[in-house]
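Each remark here refers to the structure printed beneath this line.
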Number of protein chains: 2
Amino acid sequence: MVNIKEVAKQAGVSASTVSRVLTGNIPVAAETRQKVLDAVKDMNYQPNPLAQGLKGTRIKAIGLFIPNVRDLVFPAAVRGIEDTAKQHGYTVVLCNTDESIEKELSYIQNLRRRLINGFILSTARSNSPHLLALKEEKFPMVCLIRHLGEELDAVVLDNRDGAYQAVKYLVQRGHRKIVILNGNMEVYLYRERFAGYRQALEEAGIPLDKRLIFDNINGWDESGRVVRDMLNSGVRPDAIFGTSDPKAIGVLKAVKDCGFRVPDDISVIGFDDSDIAAFLDPPLTTVAQPFYEMGVKACEKLIRLIESKRRSRPKVEVLPARLVVRDSVR
Amino acid sequence: MVNIKEVAKQAGVSASTVSRVLTGNIPVAAETRQKVLDAVKDMNYQPNPLAQGLKGTRIKAIGLFIPNVRDLVFPAAVRGIEDTAKQHGYTVVLCNTDESIEKELSYIQNLRRRLINGFILSTARSNSPHLLALKEEKFPMVCLIRHLGEELDAVVLDNRDGAYQAVKYLVQRGHRKIVILNGNMEVYLYRERFAGYRQALEEAGIPLDKRLIFDNINGWDESGRVVRDMLNSGVRPDAIFGTSDPKAIGVLKAVKDCGFRVPDDISVIGFDDSDIAAFLDPPLTTVAQPFYEMGVKACEKLIRLIESKRRSRPKVEVLPARLVVRDSVR
DNA sequence: CTGAAAGCGCTTACAG
DNA sequence: CTGAAAGCGCTTACAG
């Protein structure tokens, strides 16, 4: 690999000059500049980012924390982030945290030292002191999809309203006995979605029924199991609200496995509008979360944070939720 | 961030000594060693990987090229890779190439200079001179899922046999008019799958029928469109073989949209056994490609390549395909 | 076994 | 506008 000295030699200038034309913020005579540019092109020279990084220049990389790429919902966001990063010359390091604090810590340990200029976090529970600590160090970071309150920049959906819209729609269609399959209530977004559920029911004068409320459910296997147990035990709801598409997918299958039709016997509604939603049978009615766009926004926000000198106050950007009506609700 | 000098000072030794105990391959007196370790622990010191990288030490990062994380099939492989990488202290940089040579080139340009120790490529078409060139430079790399012949290490499935098993199964179940929806024939793996299709038909004495063979089809939208057109034009196959699960998913929907039942009227078979396959309706019969395990294997192979001095001859590891029978074939 | 020195490939004050 | 020098934080021959 050719280095700056060899380029300097070929161009007949000093290494300093080469560096100056390449970094670009210090003026160089047009003629000299051209000679350097020619040599650079000729030798196909590219500065070593490690050396640049050592000098404090940007290494142009960001760390992305998500629970699991393998979850239906994250790839679209990841793609939005990566596309945006690439566009700005940044590289993205993927970290699967499985929502484990230990894993997060070990990634942070590993990446913190200048190998990365900032983080996008899609992983936060309410108690994340290690993340707040990073924030204290002025490490650029933005939360995506999930967030930790007002202290950190974030791009999130209006989760309460999304759930509200979903359940309100169910109510409007005449359903009253509405099951909610919710995620871990330690995660802010699930608390919000529950709040939306409750609000819609309250407005309709439908009392909360503990037997219809299921917490801390993850993914399709778990949601399927819960629904099967419920149905087998004789409970017979009008509709089931899965607070994520994976949960709704588990519901779809479990309901049919138990001999009921969707939506004729039981309506199902999801949350996410993942890529597969329209291809399910029946096509899933669900609340859209524009993952790709959210990824783009989060990444742009982060790069702005990294590249701007002064810190402005953190802002959490709340995007509107939108119900996508397909055929899984009667 | 504390650096090696400060640690040396606290431990009362030279920076050289600190470096020696940390890298570990040069002997240090037990007592000195302990002092250093104490200081390191005390100050929570971690060497700056940038500086280490500059000196030629491993930066411990790998670049992962896939067409698109958002495709159903890649996340599981990505996860296998990332888990393995993490276990070995490596970091993975995700690159979505969209099968574009230009994108690949720009990633290579960007990552080559020591920011990455090697590549995992899941992206190769048959003409990939830029990848072969990397290989020439002795850059460690391994192909995953797709490969480029014998010159490069690789972990792939026995694609021909997988397709053969699928179509043979169809034939055994009494189907004769079997449509194949195949991918881009420039991709080796799709040529192989086609070969398997042909072989199974030949063995059964069923002549190839051009009207049942569709090439260069990508993803569910395209496959759905093709199937709808075919069905509307009056062609009525016994079975449809989608050479990837996404294609099969498009088929499932299109067939039903056209008023036919799966599998009663038309059987459908896929390839991949993606996570969602069992949750489709009907659950999809498909050829399993153990993505996670393949990711693990590829990553281990790459790390071995990176960390071993001498190059051994490239080996392509071909894993056996396995048909997973569910309910989409009559 | 240990320290002082050189050097990895850059960038950026410091002179001129 | 340009060059020589120092320095980023390490590692590793070179002496001792």
Side-chain angles (χ1 to χ4, degrees), chain A residues 1-37 39-40 43-61 89 109-117 307 309, chain B residues 1-37 39-40 43-61 89 109-117 307 309:
Chain A
M1 291 270 80
V2 25
N3 64 23
I4 198 171
K5 271 191 188 165
E6 307 176 49
V7 176
K9 196 168 170 188
Q10 167 136 173
V13 300
S14 73
S16 325
T17 301
V18 175
S19 173
R20 283 193 273 257
V21 348
L22 260 15
T23 51
N25 12 19
I26 294 158
V28 175
E31 196 189 352
T32 321
R33 204 180 126 71
Q34 200 42 248
K35 281 191 297 184
V36 170
L37 257 18
V40 164
M43 310 176 81
N44 188 25
Y45 168 68
Q46 283 190 271
N48 182 331
L50 260 34
Q52 296 184 123
L54 239 203
K55 288 301 295 183
T57 323
R58 326 255 69 130
I59 194 85
K60 291 210 167 195
Q109 287 280 323
N110 202 345
L111 297 180
R112 197 221 302 252
R113 302 203 109 236
R114 297 255 215 95
L115 270 184
I116 240 77
N117 301 312
E307 298 187 345
K309 312 287 163 211
Chain B
M1 290 269 82
V2 24
N3 66 22
I4 199 171
K5 272 191 188 164
E6 307 176 49
V7 176
K9 195 169 171 190
Q10 167 137 171
V13 298
S14 73
S16 326
T17 301
V18 174
S19 173
R20 284 195 271 259
V21 347
L22 259 17
T23 51
N25 10 17
I26 294 159
V28 175
E31 194 188 352
T32 321
R33 202 180 128 73
Q34 199 43 249
K35 280 191 299 186
V36 170
L37 257 20
V40 165
M43 308 176 81
N44 188 25
Y45 167 69
Q46 283 191 275
N48 182 331
L50 259 34
Q52 294 183 123
L54 238 204
K55 288 301 292 181
T57 324
R58 328 254 65 132
I59 194 88
K60 292 211 168 194
Q109 288 280 323
N110 202 344
L111 296 180
R112 196 221 303 254
R113 305 203 109 237
R114 299 257 214 91
L115 269 183
I116 241 76
N117 300 312
E307 298 188 346
K309 312 289 162 212

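Scope of the values below: all heavy atoms of this structure, side chains included, with no hydrogens, waters or symmetry mates. Order of the sequence lines fixes the chain letters, A, B, ..., with proteins taken first and strands second; residue numbering starts at 1 for each chain.
As a whole-Å value, the separation of A/N48 CG from D/dC8 C1' is 13 Å. Between the CD1 atom of B/I59 and the P atom of C/dC8 there is a distance of 17 Å, given to the nearest Å. Between the CG atom of B/L54 and the P atom of C/dC8 there is a distance of 10 Å, rounded to whole Å. Atom NZ in B/K5 sits roughly 10 Å away from atom C1' in D/dC8 (whole-Å rounding). One interatomic measurement links the two molecules: CG of B/N3 to C1' of D/dC8, which rounds to 10 Å at whole-angstrom precision. In this structure, NZ of A/K9 is placed 15 Å from P of D/dG3, rounded to the nearest angstrom.
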Quick tally for nucleotides 11-16 of chain C: nucleotides whose base has a protein heavy atom under 4.0 Å get B, sugar-phosphate-only ones S, the rest -, giving BBB---

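Nearest approach of A/V2 to A/M43, heavy atoms of both residues: CG1-O, 3.5 Å.
Interatomic distance, B/Q52 CD to A/L115 CG, rounded to the nearest 0.5 Å: 9.5 Å. Here A/K55 contributes atom NZ and B/L54 contributes atom CG; the two are 11.0 Å apart, rounded to the nearest 0.5 Å. A distance of 9.0 Å separates CG in A/N117 from NZ in A/K60, rounded to the nearest 0.5 Å.
A distance-only check finds a donor-acceptor pair linking the side chain of B/T23 to the backbone of B/S19 [under 3.5 Å].
Minimum atom distance to the side chain of A/A29 is reached by D/dC1, of the listed D/dG3, C/dG9, D/dC1. When the nucleotides C/dT2, C/dC8, C/dG3 are ranked by their closest atom to the side chain of B/V28, C/dT2 comes out on top.
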Under 3.5 Å, which donor-acceptor pairs do the side chains of residues 6-14 of chain B form with other protein atoms, sequence neighbours left out?
from, atom 1, to, atom 2, distance (Å)
B/E6, OE2, B/N3, N, 3.3
B/S14, OG, B/S16, N, 3.4
B/S14, OG, B/T17, N, 3.3
B/S14, OG, B/T17, OG1, 3.3

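Residues B/L37 and B/R33 are in side-chain contact: their nearest non-hydrogen atoms beyond the backbone lie under 4.5 Å apart. The shortest side-chain heavy-atom distance between A/Q109 and B/N44 falls under the 4.5 Å cut-off.
Stem regions for DNA chain C, each three or more consecutive Watson-Crick or G-U pairs with both distances under 3.5 Å and listed by first number, read C:1-3 with D:14-16, C:5-12 with D:5-12, C:14-16 with D:1-3.
Under the rule for a side chain to side chain contact (heavy atoms under 4.5 Å, CB included), B/N110 has no partner lying at least two apart in sequence or in another chain.
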